[in-house]
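First up is the structure itself, then whatever we jot down about it.
What you see is a predicted model, and the numbers here were worked out from it, not measured in a lab.
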Amino acid sequence: MASNALSQEEENYVRMALLLTGISPRAVRVLFDKEFPPASLSFTVNDKNAKKKLNDLRGRRVINQAQWDLLFPCSGITDSKTFDVTLMIVLLRNLTTLPLVPPINGYDQLPVTTETTPASDIARIKHYRNLLAHLPDGKVDGKLFTTAWNDISNAVLRLGGITMKQECDKLKTIPLDMSSQETLRNLHQANIDIETIKQSFDLIQNEQTEIKKILKH
């Protein structure tokens, strides 16, 4: 199916998804690997104090089981190339010795355009990833696309350098291939599946809470 089978808003969605799942994580990883050199990453996360802190984050559900398995694989060594943006941000915020100046409004809000620190840039990327994941119809209008693309690609430039920024510029205009429709469908379905899992997990948690209340009586 040709790319013109997608509406402009659907194309915008696919391009943003490719930017946020392909280029942006590599830019964040440049910063991550400076603070956590790949050769010593496994030793870092297995340090007694670090593992205690990671266990606490796991207990508070900041780190999920899938991310825990990446941190402590059954075979092989810990490899940051397997980490998603969320996990890298968690480690940068909690284990780093680098004094990352947090964004003015914290990591869970979109930083203002004048904030260009590394911490602000990773918060910016995180914001748009979350926003895209919660769009109900798999469409991004032109105004949001333009604003988001500029925010994200400039963050990529500061974190990852000019070559990655050039990749962003190319991705913005390159014709989408025939797999674009399938990409859109898979991304949209993945978001639906994730939301369903979250709802099921919340339901289980609520049921467990009610059972504990009953048992106390």
Side-chain angles (χ1 to χ4, degrees), residues 16-100 102 107-108 118-119 121-134 152 155-156 159-161 163-164 167-168 171 179 182-183 185-205 208:
M16 273 191 64
L18 293 172
L19 175 64
L20 288 165
T21 60
I23 302 174
S24 298
R26 288 192 287 116
V28 175
R29 193 169 291 111
V30 171
L31 173 65
F32 184 88
D33 286 348
K34 287 178 181 177
E35 179 59 21
F36 300 102
S40 58
L41 178 58
S42 185
F43 295 101
T44 299
V45 298
N46 279 285
D47 173 80
K48 182 179 179 180
N49 292 330
K51 196 162 187 178
K52 181 179 179 181
K53 186 172 289 187
L54 292 171
N55 257 313
D56 177 63
L57 293 170
R58 185 190 187 191
R60 292 190 282 120
R61 296 189 299 181
V62 175
I63 293 176
N64 61 37
Q65 185 60 48
Q67 292 169 329
W68 185 264
D69 292 341
L70 295 177
L71 286 167
F72 305 103
C74 295
S75 61
I77 60 172
T78 310
D79 186 351
S80 69
K81 290 186 178 65
T82 66
F83 294 178
D84 61 11
V85 168
T86 303
L87 181 54
M88 287 189 284
I89 291 175
V90 168
L91 297 185
L92 284 167
R93 289 178 63 180
N94 292 279
L95 295 187
T96 182
T97 57
L98 180 71
L100 287 179
Y107 284 90
D108 297 321
D121 281 334
I122 61 178
R124 189 169 280 114
I125 290 170
K126 176 176 177 283
H127 169 84
Y128 284 113
R129 285 180 75 255
N130 291 341
L131 185 150
L132 196 73
H134 289 90
I152 299 165
V156 167
L159 292 172
T163 300
M164 287 190 190
E167 289 183 48
C168 297
L171 177 60
S179 67
E182 188 64 25
T183 298
R185 186 181 301 112
N186 289 340
L187 287 168
H188 190 48
Q189 185 59 49
N191 288 338
I192 293 173
D193 291 344
I194 290 170
E195 191 60 33
T196 300
I197 291 170
K198 286 180 178 178
Q199 291 174 358
S200 298
F201 185 80
D202 289 340
L203 179 61
I204 292 171
Q205 289 292 104
Q208 289 179 339

With heavy-atom distances below 4.5 Å as the criterion, would you say the side chains of [X] and [Y] are in contact?
X	Y	value
Ser80	Asp33	yes
Leu54	Val90	no
Leu87	Leu71	yes

Exercise for review: Please list, chain by chain and in numerical order, all residues satisfying ring pair (Phe, Tyr, Trp, His ring centres under 6.0 Å) with Phe72, sequence neighbours excluded.
Suggested key: Trp68

Review point. Excluding sequence neighbours, so at least two apart, what forms ring pair (Phe, Tyr, Trp, His ring centres under 6.0 Å) with Phe83?
Key: Phe32

Restricting to non-hydrogen atoms, name the atom on [X] and the atom on [Y] that form the minimum distance, rounded to 0.1 Å.
X	Y	value
Tyr107	Ala123	O-CB, 3.9 Å
Thr82	Asp79	OG1-O, 2.7 Å
Pro102	Ala119	CA-CB, 4.2 Å
Pro25	Met88	O-CE, 3.5 Å
Leu159	Ala27	CB-O, 3.6 Å

Check your understanding: Does Asp69 have any salt bridge (Lys or Arg N to Asp or Glu O under 4.0 Å) partners at least two apart in sequence or in another chain, and if so, which?
Key -> none

Point to revise | salt bridge (Lys or Arg N to Asp or Glu O under 4.0 Å) against Arg26, all qualifying residues, sequence neighbours excluded | key: Glu167

Could you state the interatomic distance from [atom1] ([X]) to [atom2] ([Y]), rounded to the nearest 0.5 Å?
X	Y	atom1	atom2	value
Leu92	Lys34	CG	NZ	12.0 Å
Leu57	Ile63	CG	CD1	4.5 Å
Thr21	Leu132	OG1	CG	9.0 Å
Leu91	Leu41	CG	CG	7.5 Å

**Study point:** Pairs satisfying side chain to side chain donor-acceptor pair (under 3.5 Å), at least one member in residues 37-48, at least two apart
**Key:** none

Review point. Taking it one step at a time, do Arg129 and Ser24 satisfy side chain to side chain donor-acceptor pair (under 3.5 Å)?
Key: CA-CA 10 Å; Arg129 285 180 75 255; Ser24 298; over 6 Å; no

Practice item. Evaluate the criterion side chain to side chain contact (heavy atoms under 4.5 Å, CB included) for residue pair Met164 and Val30; output intermediate values, then yes/no. Key: CA-CA 11 Å; Met164 287 190 190; Val30 171; 3.8 Å; yes

Check your understanding: What pairs meet the salt bridge (Lys or Arg N to Asp or Glu O under 4.0 Å) rule with one or both residues in residues 81-90, with sequence neighbours excluded?
Key -> none

Point to revise | Polar side-chain atom of Lys53 near backbone of Asn94 as donor-acceptor pair, under 3.5 Å | key: yes

**Study point:** Working for side chain to side chain contact (heavy atoms under 4.5 Å, CB included), residues Asp56 and Arg60
**Key:** CA-CA 6 Å; Asp56 177 63; Arg60 292 190 282 120; 3.1 Å; yes

**Study point:** Working for side chain to side chain contact (heavy atoms under 4.5 Å, CB included), residues Asp121 and Ile125
**Key:** CA-CA 6 Å; Asp121 281 334; Ile125 290 170; 5.5 Å; no

Exercise for review: Take Val85 and Ile122, measure what side chain to side chain contact (heavy atoms under 4.5 Å, CB included) needs, and give me the verdict at the end.
Suggested key: CA-CA 8 Å; Val85 168; Ile122 61 178; 5.9 Å; no

